[in-house]
Amino acid sequence: GAGVSQTPSNKVTEKGKYVELRCDPISGHTALYWYRQSLGQGPEFLIYFQGTGAADDSGLPNDRFFAVRPEGSVSTLKIQRTERGDSAVYLCASSLMASGGQSSYNEQFFGPGTRLTVL
Amino acid sequence: GENVEQHPSTLSVQEGDSAVIKCTYSDSASNYFPWYKQELGKRPQLIIDIRSNVGEKKDQRIAVTLNKTAKHFSLHITETQPEDSAVYFCAAVEYGNKLVFGAGTILRVKS
């Protein structure tokens with residue numbers, strides 16, 4: 001079946017502009033995650049959803065960042081008043097469900113990412 | 001929160017040799033440790049994982065070991081091939097399925 005998809009693949013914007021990044025998870029996956037990967041670094045957690053609700057948004061760097069998942073499937077990451085430091089690859093991942101139990105961890109499948117460049 | 005350290009940052013080996021990448025973590029409550037391979041411009045892909053009730057796991061040429069007492073885990077790749085060249089990330093799972101990644105290791109396999 002289809003994997004996680006993200007659009008656009010590349011986004012170039014100017015400082016101060018608003019951007020939206022979209023993620024389509026694997027069908028049936030209830031958990032969805034956003035990560036940010038800067039050049040030469042590992043992905044950093046931003047936020048995750050269990051269904052429609054944001055279960056943990058502790059990784060969002062500030063209030064310019066916001067994410068929604070209104071119907072429990074597609075998610076949009078929104079960045080207001082973009083800054084040059086926001087430039088990175090934004091990765092989305094999905095899994096069957098989110099759980100803290102040792103035996104119930106579900107593999108996260110990553111999308112190809114959106115490369116955001118803020119000029 | 002969890003913190004994951006990964007070493008080395010770059011690793012060059014001759015084709016056919018073994019490669020070892022090491023990670024340490026800080027939160028003793030973490031209980032799941034996946035390894036991802038990321039080729040240039042591509043998405044991270046899970047290659048092997050280990051849970052905290054297991055000390056070692058092997059899958060063909062790759063293996064992972066876990067020492068919970070010392071809070072470190074390692075990836076071992078034997079008989080390396082040019083197609084193993086990529087960036088490898090270790091990670092630890094905090095409560096709620098949140099992945100905390102290491103900074104990555106660039107592996108170059110020279111033929």
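Heavy-atom basis, side chains included; hydrogens, waters and symmetry copies ignored. Here is the naming used below: chain letters follow the sequence lines, and residue numbers restart at 1 for every chain.
- Evaluation of the disulfide (SG to SG under 2.5 Å) test over residues 28-91 of chain B, restricted to residues two or more places apart or in two chains, returns B:C23-B:C90.
- The number of heavy-atom neighbours closer than 6.0 Å to NZ of B:K22, taken from other residues, nucleotides and ligands shown, is 12 or below.
- Neither A:L32 nor A:V74 shares a network with the other; the hydrophobic side chains, linked directly or stepwise wherever heavy atoms of I, L, V, M, F, W or Y lie under 4.5 Å apart, form separate groups for each.
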Contacts under 3.5 angstrom, residues 9-26 of chain A side chains, donor-acceptor by atom type, not counting sequence neighbours:
from	atom 1	to	atom 2	distance (Å)
A:Y18	OH	A:E20	OE2	2.6
A:R22	NE	A:D24	OD1	2.8
A:R22	NH2	A:D24	OD1	3.4
A:R22	NH2	A:D24	OD2	3.2

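- For CZ of B:R61, the number of neighbouring non-hydrogen atoms (other residues, nucleotides, ligands) closer than 6.0 Å is greater than 12.
- Cluster annotation: B:V20 is not connected to B:I62 through the hydrophobic network of ILVMFWY side chains, with a link wherever side-chain heavy atoms come within less than 4.5 Å.
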* Asked: For B:L99 and A:Y33, what are the C-alpha separation, side-chain angles and deciding distance, and is it a side chain to side chain contact (heavy atoms under 4.5 Å, CB included)?
  -> CA-CA 10 Å; B:L99 287 168; A:Y33 311 79; over 6 Å; no
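- With a threshold of 4.5 angstrom between heavy atoms, B:Q6 does not approach chain A through any atom at all.
- The CZ atom of A:F110 sits 5.0 Å away from atom OH of B:Y36, with the distance rounded to the nearest 0.5 Å.
- With a threshold of 4.5 angstrom between heavy atoms, A:Q41 approaches chain B through its backbone and through its side chain.
- For residues 40-49 of chain B, the interface with chain A (any heavy-atom pair closer than 4.5 Å) comprises B:R43, B:P44, B:L46, sorted by residue number.
- At a 4.5 Å heavy-atom cutoff, the contact between A:Q37 and chain B is made by side-chain atoms alone.
- Both A:V89 and B:F89 are members of a single hydrophobic cluster when ILVMFWY side chains are connected at heavy-atom separations under 4.5 Å.
- Here the closest non-hydrogen pair linking A:F45 and B:K98 is CD2-CD, 3.0 Å.
- For A:F109, no part lies near chain B; criterion is any non-hydrogen pair under 4.5 Å.
- Within 6.0 Å of CD in B:E79 there are 12 or fewer heavy atoms belonging to other residues, nucleotides or ligands.
- Shown here is A:F66, whose CZ atom has no more than 12 heavy atoms of other residues, nucleotides or ligands within 6.0 Å.
- Transitive grouping of hydrophobic side chains (ILVMFWY, heavy atoms separated by less than 4.5 Å) keeps B:I21 and B:V87 in distinct clusters.
- By the rule that hydrophobic residues join a cluster once side-chain heavy atoms approach within less than 4.5 Å of another member, B:F101 and A:V4 end up as members of separate clusters.
- Residues of residues 75-86 of chain A never come closer than 4.5 Å to chain B when only heavy atoms are counted.
- No more than 12 heavy-atom neighbours from other residues, nucleotides or ligands sit within 6.0 angstrom of CD on B:Q60.
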